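Data block below; observations after.
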Amino acid sequence: MNVADTERMEALMLERGGALTEQIEEADVIVINGCSVREKAVHKAVSYLGEHKGLKTRYEGPVIALGGCVGQLDQGEIFKRAPYVDFVFGPDAIDQLPELVDRAKRGERHFVQAEFDKTLSYSTQTKVKKNKALAFVNIMKGCDKYCTYCIVPFTRGREKSRTIQEVLDDVAALVSQGVREVTLLGQNVNSFGKGNPNTAGYEPAELSNPIGKVGPRPGEENFVQLLYAMNRDPRLKQLKRIRFTSSHPLDFSDQLIGAYADPKEGGVDNLAKHLHLPVQSGSNAILQKMGRHHKVETYVEQMKVLKSISPDIGLSTDIIVGFPGETEEDFEATLKLLTEIEYDNIYAFSYSPRPGTRAEKLVDDVSKKVKSERLARVMKHQLDIAEGRYAERIGRTMEVLVVGLARNDGMLANSKLGRVWTGHTTCNRVVNFIDQSGRNLEGSFLNIKITNASGLSLQGDLIHDAGFAEGISVA
Ligand code: 5AD
Ligand code: SF4
């Protein structure tokens with residue numbers, strides 16, 4: 001979400017005639033877009049600010065702004081600690097960024113723009129830099145779930161969705177600019193559509209799941225309708241992959257599982273074979289304290305059905321370790337769940353209390369030491385699982401969307417042979433490969449034969465690059 005927000009900020013500033021610089025000393029505007037979901041992320045944003053305070057004297061230097069969820073939460077408190085910050089803004093003020101910068105340039109200081117947008121509807125237009133094959137498309141914002149540990153409902157506000165028609169037109173414009181993969185974004189995309197009447201009669205009219213409680217009401221638009229509408233829209237013919245993130249198991253519907261089926265069986269053919277569905281814990285007692293309103297067993301059952309429909313699907317999840325009251329037994333239940341589901345990838349975090357949340361009032365009784373031990377154990381456990389899964393891919397040829405040059409890969413040692421590129425498969429596995437031609441491969445779909453695997457990424461050889469000459473589509 002924050003990456004997408006940052007891209008939007010960049011695009012808005014570029015539209016105003018700005019240019020990006022890699023040299024922070026050269027910048028005359030510095031915007032820190034901070035995440036507040038965990039304490040550590042807030043510390044990162046604030047310490048980054050501290051590292052760069054020397055760039056500004058009292059009378060000169062760049063405009064410095066603090067934005068995103070950190071800005072929303074901070075509401076200007078930062079001015080006391082860091083008076084060199086000119087203004088603070090929240091996620092709903094992103095589109096006003098150029099005007100806010102102008103106000104600061106005119107000498108206004110220490111102002112806060114962190115009002116929630118109070119309208120019930122949500123309308124926007126995606127902005128991307130030119131020549132990009134991959135775009136993030138916000139389809140809804142906010143979250144109404146109020147998991148007990150989570151600050152997002154307080155920093156991003158209530159759920160609001162764009163209309164299906166608006167998203168279709170937006171994605172059509174992106175596809176005409178060369179975009180071939182979209183990630184539909186929201187805090188809880190599977191509840192997309194709430195409050196928007198389904199006047200066009202999109203199907204399926206209603207969503208259900210074994211837990212019973214699913215997303216929008218009958219008569220309203222819903223996420224599965226959006227996927228099928230994207231699949232049908234002739235303007236999106238060249239769109240190769242649709243992804244989405246993030247979601248809550250309560251809104252994960254039977255109909256969405258059906259969308260992963262083979263197109264001949266009624267599935268959505270450009271839906272990427274990947275699902276990120278946060279589970280947070282493998283213990284029912286902890287899930288209950290987290291206010292997640294579902295059981296481990298129902299989640300496992302949903303994943304089983306999904307795998308039976310789409311056997312090659314790549315699954316990922318979020319895990320929190322050290323939630324208040326988490327016993328060794330609870331933690332081991334999480335390890336067991338990872339073994340059972342066999343995720344490709346997990347994002348694991350140590351619990352940190354967030355201001356204003358219900359869990360903040362619980363005693364944070366798992367010591368720092370135990371939290372970090374559990375974090376290391378869960379990551380090691382997952383790495384072992386992923387190593388096995390990734391190794392199964394050796395020898396296969398996979399279609400990879402190239403996203404850029406690789407940064408930290410062992411293959412870099414061989415880079416005298418050429419440049420190391422990185423990309424991902426439809427299942428969202430990272431694939432690195434060497435290209436000796438010197439061309440810019442960013443945005444190409446290429447066939448790569450997998451030669452090596454670790455628990456985090458695959459390595460392979462470029463075996464077929466006819467598609468590059470043709471642009472960004474390989475059949
Ligand atoms: N402490 C640790 N992790 C958290 N997350 C959200 N809130 C907290 C918190 N207070 C994690 C969840 C969520 C992901 C985006 O961040 O796993 O899915
Ligand atoms: Fe936070 Fe996700 Fe729960 Fe919403 S569903 S409150 S964003 S963890």
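Computed from a prediction, not measured in an experiment: that's the story for all the values here. When a ligand or atom number is given, it counts from 1 through the structure's own listing order.
- On a distance-only criterion, S352 and ligand 1 share at least one N/O pair closer than 3.5 Å.
- At least one heavy atom of S350 lies less than 4.0 angstrom from ligand 1.
- The two residues S191 and D251 have their closest heavy-atom pair at CB-OD2, 3.6 Å.
- The pair E326-R374 meets the salt-bridge criterion, with a side-chain N (NZ, NE, NH1 or NH2) lying under 4.0 Å from an Asp/Glu carboxylate O.
- Contacts between Q280 and ligand 1 below 4.0 angstrom, taking non-hydrogen atoms only, involve the side chain exclusively.
- Residues I319 and T334 are in side-chain contact: their nearest non-hydrogen atoms beyond the backbone lie under 4.5 Å apart.
- In Y149, the parts holding a heavy atom less than 4.0 Å from any atom of ligand 1 are both the side chain and the backbone.
- Under the 3.5 Å distance criterion, the side-chain polar atoms of Q302 are left unmatched by any main-chain donor or acceptor of Y299.
- Considering backbone and side-chain atoms together, R38 places an N or O closer than 3.5 Å to an N or O of ligand 1.
- A side chain to side chain contact (heavy atoms under 4.5 Å, CB included) with I346 holds for exactly one of I341, D318, V378, V279; it is V378.
- At a heavy-atom distance under 4.0 Å, atoms from both the backbone and the side chain of V37 approach ligand 1.
- Atom 4 (Fe) of ligand 2 lies under 2.8 Å from an N, O or S atom belonging to C143.
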